[in-house]
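Here is the structure we will look at, set down as structure tokens.
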Amino acid sequence: MVISQTFYAESSRIVIQGKGQPKTQGVFGAYFDCDLERNPSWRGNSLNFVFSIKTSGSSLGLDVFRTTGFNNNYQYFNYATKTLPNGLGAGGQLEHFGLWIDSNFTCGSSNSAATFGSEQLSSQREFVIDVIEAWLVRPTDKLDDDGPGGAKKQSVLDANPEAAALLELANRKMYSKTLPDPTLDRDD
């Protein structure tokens with residue numbers, strides 16, 4: 001899986017169903033109010049929160065844990081480094097996140113976190129991800145920005161034709177070739 005440098009999803013909600021977890025305790029997630037930009041340090045703001053959904057019989061319980069002001073460790077998103085954690089985190093501290101998803105999106109962990117005053121969200125500290133959903137709540141302005149000097153943004157393949165040719169020679173799928181041009185069919 002290739003992850004772009006910035007996950008353009010200002011205000012996104014991540015929902016996780018842990019594999020092998022009881023359905024009554026296995027749905028949890030986070031809301032990120034700011035873009036998830038690759039950065040080996042904490043970002044975000046006090047509008048972020050984590051949540052868990054639990055069922056008991058026929059009743060549904062939603063626990064939402066908002067920021068406490070204890071620290072500013074709202075969101076962490078990093079990959080392709082050797083010395084720092086690679087993945088997506090919400091709250092807590094490095095190696096002890098309130099909610100953590102590894103960079104392969106296959107497993108994660110949950111701990112209590114002073115950032116949100118949250119308990120462990122999953123029924124087990126470490127979990128394997130069965131289902132993960134990412135929802136865009138509000139579009140980002142960054143998608144409408146032009147590049148440096150007013151140049152129109154282009155895909156990596158358009159900007160680097162040599163790299164595109166090399167990928168084609170290696171028989172690698174070029175996913176951005178199948179995406180529609182974002183400047184077409186816009187409702188302005």
Side-chain angles (χ1 to χ4, degrees), residues 1-18 27-53 62-122 125-129 131-149 151 153-156 159 175-176 179 182:
M1 172 181 283
V2 177
I3 303 172
S4 66
Q5 184 166 1
T6 303
F7 179 58
Y8 286 116
E10 187 170 314
S11 293
S12 56
R13 180 184 72 169
I14 308 293
V15 181
I16 301 161
Q17 166 70 52
V27 180
F28 44 89
Y31 170 81
F32 301 107
D33 191 60
C34 297
D35 285 346
L36 295 172
E37 295 185 38
R38 178 182 176 201
N39 193 331
S41 61
W42 292 97
R43 301 180 45 80
N45 63 40
S46 62
L47 296 176
N48 291 16
F49 61 85
V50 294
F51 61 90
S52 64
I53 302 170
L62 172 66
D63 291 326
V64 176
F65 301 97
R66 300 188 185 283
T67 56
T68 62
F70 181 78
N71 60 37
N72 294 333
N73 298 352
Y74 304 120
Q75 66 191 49
Y76 175 92
F77 183 53
N78 192 36
Y79 57 92
T81 61
K82 292 184 180 183
T83 58
L84 292 169
N86 291 305
L88 176 63
Q93 57 190 3
L94 296 181
E95 304 296 343
H96 192 83
F97 293 91
L99 178 60
W100 173 252
I101 303 169
D102 76 342
S103 60
N104 293 324
F105 297 95
T106 57
C107 60
S109 64
S110 178
N111 297 284
S112 59
T115 307
F116 301 111
S118 61
E119 58 195 32
Q120 180 178 298
L121 301 173
S122 56
R125 185 185 169 294
E126 294 185 357
F127 55 86
V128 175
I129 296 172
V131 176
I132 186 166
E133 296 178 11
W135 294 69
L136 177 64
V137 178
R138 171 180 78 227
T140 179
D141 293 333
K142 291 189 178 192
L143 292 176
D144 295 332
D145 291 345
D146 289 336
K153 282 189 175 180
Q154 6 177 328
S155 79
V156 173
Y175 295 96
S176 63
L179 297 175

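We count residues from 1, following the sequence as given.
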### Task
For the pair Asn111 and Gln93, evaluate side-chain contact (heavy atoms from CB on, under 4.5 Å) and give the outcome as yes or no after the intermediate values.
CA-CA 10 Å; Asn111 297 284; Gln93 57 190 3; over 6 Å; no
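- No donor-acceptor distance shorter than 3.5 angstrom exists from the side chain of Gln75 to the backbone of Glu37, with no hydrogens or angles considered.
- If you take CG on Asp102 and CD on Glu126, they are separated by 10.5 Å, rounding to the nearest 0.5 Å.
- Between Glu133 and Val27, the closest side-chain pair of non-hydrogen atoms is not below 4.5 Å.
- With hydrogens and angles ignored, the 3.5 Å screen pairs no side-chain donor or acceptor of Thr115 with any backbone N or O of Tyr74.
- Closest non-hydrogen pair, Ile132 versus Ile129, comes out as CB-CG2, 3.9 Å.
- Without hydrogens or angle criteria, Tyr76 side chain to Pro85 main chain gives a donor-acceptor distance under 3.5 Å.
- A distance of 10.0 Å separates SG of Cys107 from CD1 of Ile101, quoted to the nearest 0.5 Å.
- Residue Phe127 comes nearest to Ser122 through the heavy atom pair CD2-OG, 3.6 Å, listed as atom of the first residue, atom of the second, then distance.
- Looking at Arg38, its side chain does come within 3.5 Å of a backbone N or O of Tyr79 through a donor-acceptor pair.
- Between the side chain of Asp63 and the backbone N or O of Ser52 there is no donor-acceptor pair closer than 3.5 Å.
- Contact record, Ala114 with Thr68: O-OG1, 2.7 Å, taken as the closest heavy-atom pair.
- Pairing each heavy atom of Ala113 with each of Gly98, the nearest pair is CB-CA, 3.7 Å.
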### Task
Evaluate side-chain contact (heavy atoms from CB on, under 4.5 Å) for Thr67 paired with Phe116, printing each intermediate quantity in order.
CA-CA 4 Å; Thr67 56; Phe116 301 111; 3.6 Å; yes
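- Although no hydrogens or angles enter the test, the distance criterion places a donor-acceptor pair under 3.5 Å between the side chain of Asn86 and the main chain of Ala80.
- Looking only at distances, no side-chain donor or acceptor of Asp33 sits under 3.5 Å from a matching main-chain atom of Asn48.
- Atom CZ of Phe65 and atom CZ of Phe51 lie 11.5 Å apart (nearest 0.5 Å).
- Between the Asn45 side chain and the Leu47 main chain, a donor and an acceptor come within less than 3.5 Å of each other.
- When side chains are defined from C-beta on, Glu95 does not count as touching Trp100, because their heavy atoms never get closer than 4.5 Å.
- A distance of 9.5 Å separates CG of Leu84 from OG of Ser41, quoted to the nearest 0.5 Å.
- Residues Trp42 and Asn71 are not in side-chain contact: their nearest non-hydrogen atoms beyond the backbone lie 4.5 Å or more apart.
- How far CD of Gln120 is from OG of Ser112: 8.0 Å, rounded to the nearest 0.5 Å.
- To the nearest 0.5 Å, atoms CZ (Arg66) and OG (Ser118) are separated by 13.0 Å.
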